[in-house]
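Being a predicted model, the structure only gives us computed values, none of them experimental.
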Amino acid sequence: QQMLSHVLNDKGAIILLSIGRWINAEDIKINIKQLMLKPHQLQNMSQAGIGITDGLGVKRTVLEMKPQYSKDGRKIRLRELTYEDSELLFKWQNHAHTRKYFHNIKAPSFEEHSSWMIAHLNSSVSYTEIILHGCKPAGVLRLDPVNEKDEGQCIYMISVYVDPRKHGMGIGKAVLAIVVNLMDHCELRAEIHKENFVSKRLFESFGFLANDGDLYVKSSMRSFKGRL
């Protein structure tokens, strides 16, 4: 715990008052008051914390205990994106069937793709995960925060694409079930191409509603508090 405390303090996620010395209530009170006068420092601490953990550990544990499966009975999991995935993602992104429903149908160059990879690997607010079908990579899940005027809102734009060779296996459905369970505290949005009828039906089956043009929205569970 001492080592962990030092690591969190060094990363700016906490203020370490003492190690091995008794801290009285007055010490804590003084430091809290000082911190309340420094909203910028509080924001930096919050961002540092997000960069270390997403706070979804309990939900991830539940999902491991009650996992989602594809139609062939293989377990569907998510793992973090690594730079070693770059060539595989580039191959998927350039597949004609995948790009067919992208808003920008022009395939990126490898240099553009590499810049995109580096940006997402270094992001502390976006989630980019590799979808595992059993133990094999089978697609990509992206969750990018949507900035709204109300900073207290939690809104993410979701993007899912599956290896074209694995279409029709229920992988996208399993991934969407995982996301809806993990992120039920947030509003989820998806931009779905007007001719992508399969994706429209899939998202609608999870409660996403057509909102404006290609945009589909699923409200957070918090939106319903006080009305149940």
Output all residues satisfying side chain to side chain donor-acceptor pair (under 3.5 Å) with [X], sequence neighbours left out; order by chain, then residue number.
| X | answer |
| --- | --- |
| His167 | none |
| Ser123 | none |
| Asn94 | none |

Grab the two heavy atoms, one from [X] and one from [Y], that are nearest each other, plus how far apart they are.
| X | Y | value |
| --- | --- | --- |
| Phe206 | Ala177 | CE2-CA, 3.6 Å |
| Ile14 | Ser5 | CD1-O, 3.5 Å |
| Arg189 | Leu215 | CB-CD1, 3.9 Å |

Got [X] and [Y] here, is their nearest side-chain heavy-atom distance under 4.5 Å?
| X | Y | result |
| --- | --- | --- |
| Pro137 | Trp92 | yes |
| His120 | Arg142 | yes |
| Leu35 | Met45 | yes |
| Leu209 | Lys218 | no |
| Ile192 | Asp214 | no |
| Asp144 | Val146 | no |
| Asn31 | Leu17 | yes |
| Val140 | Leu89 | yes |

Give the C-alpha distance, both sets of side-chain angles, the deciding distance and a yes or no for side chain to side chain contact (heavy atoms under 4.5 Å, CB included) between Cys154 and Glu187.
-> CA-CA 6 Å; Cys154 175; Glu187 178 181 300; over 6 Å; no
Distance, nearest 0.5 Å, that separates CG of Leu132 from CD1 of Ile171 = 10.5 Å
Straight-line distance of Glu129 CD to Ile178 CD1, nearest 0.5 Å = 9.5 Å
Without placing hydrogens or testing angles, list every side-chain donor-acceptor pair under 3.5 Å for residues 75-85, not counting sequence neighbours.
{"from": "Arg79", "atom 1": "NH1", "to": "Asp85", "atom 2": "OD2", "distance (Å)": "3.0"}
{"from": "Arg79", "atom 1": "NH2", "to": "Asp85", "atom 2": "OD1", "distance (Å)": "2.8"}
{"from": "Thr82", "atom 1": "OG1", "to": "Glu84", "atom 2": "N", "distance (Å)": "3.4"}
{"from": "Thr82", "atom 1": "OG1", "to": "Glu84", "atom 2": "OE1", "distance (Å)": "3.3"}
{"from": "Thr82", "atom 1": "OG1", "to": "Asp85", "atom 2": "OD2", "distance (Å)": "3.2"}
{"from": "Asp85", "atom 1": "OD2", "to": "Thr82", "atom 2": "N", "distance (Å)": "2.9"}

Is there a continuous path of hydrophobic side-chain contacts, each under 4.5 Å between heavy atoms, that joins [X] to [Y]?
| X | Y | value |
| --- | --- | --- |
| Tyr216 | Val180 | yes |
| Phe90 | Leu121 | no |
| Ile15 | Ile32 | yes |

Donor-acceptor pairs are to be reported for all side-chain atoms of residues 159-166 against protein atoms at under 3.5 Å, with residues two or more places apart or in another chain.
{"from": "Tyr161", "atom 1": "OH", "to": "Gln93", "atom 2": "NE2", "distance (Å)": "3.4"}
{"from": "Asp163", "atom 1": "OD1", "to": "Arg165", "atom 2": "N", "distance (Å)": "3.0"}
{"from": "Asp163", "atom 1": "OD1", "to": "Arg165", "atom 2": "NE", "distance (Å)": "3.3"}
{"from": "Asp163", "atom 1": "OD2", "to": "Arg165", "atom 2": "NE", "distance (Å)": "3.2"}
{"from": "Asp163", "atom 1": "OD2", "to": "Arg165", "atom 2": "NH2", "distance (Å)": "2.8"}
{"from": "Lys166", "atom 1": "NZ", "to": "His133", "atom 2": "ND1", "distance (Å)": "3.1"}

Hey, does the side chain of Asp27 reach the backbone of Ile23 with a donor-acceptor pair shorter than 3.5 angstrom?
-> no
Main-chain N/O of Leu16 paired with Asn9 side-chain donor or acceptor, under 3.5 Å = yes
Is the ring centre of Phe203 less than 6.0 Å from the ring centre of Phe208?
-> yes
Partners of Ile30 by side-chain contact (heavy atoms from CB on, under 4.5 Å), sequence neighbours excluded?
-> Glu26, Gln34
By side-chain contact (heavy atoms from CB on, under 4.5 Å), Lys38 pairs with (sequence neighbours left out) Gln41
Tracing side-chain links under 4.5 Å among I, L, V, M, F, W and Y, which residues wind up in one group with Val198?
-> none
Which hydrophobic side chains are connected to Tyr69, either touching it within the sub-4.5 Å cutoff or through other members that do?
-> none
Trace of the side chain to side chain contact (heavy atoms under 4.5 Å, CB included) decision for Thr128 with Leu141 | CA-CA 6 Å; Thr128 307; Leu141 163 69; over 6 Å; no
Determine the interplanar angle of the Phe110 and His113 rings, folded into 0 to 90°, and report it as parallel if under 30°, tilted if 30 to 60°, perpendicular if over 60°.
-> tilted
Hey, mind stepping through Leu188 and Met183 against side chain to side chain contact (heavy atoms under 4.5 Å, CB included) and telling me if it holds?
-> CA-CA 8 Å; Leu188 297 175; Met183 308 298 289; 4.0 Å; yes
What residues form a salt bridge (Lys or Arg N to Asp or Glu O under 4.0 Å) with Asp72, not counting sequence neighbours?
-> Arg74
Taking only residues two or more places apart in sequence, or in another chain, which ones meet Asp10 in a salt bridge (Lys or Arg N to Asp or Glu O under 4.0 Å)?
-> none
Check step by step if side chain to side chain contact (heavy atoms under 4.5 Å, CB included) holds for Met117 and Ser86.
-> CA-CA 7 Å; Met117 283 286 295; Ser86 183; 3.9 Å; yes
Write out all pairs satisfying side chain to side chain donor-acceptor pair (under 3.5 Å) with one or both partners inside residues 193-207, taking only residues at least two apart or from two chains.
-> Asn196-Ser199
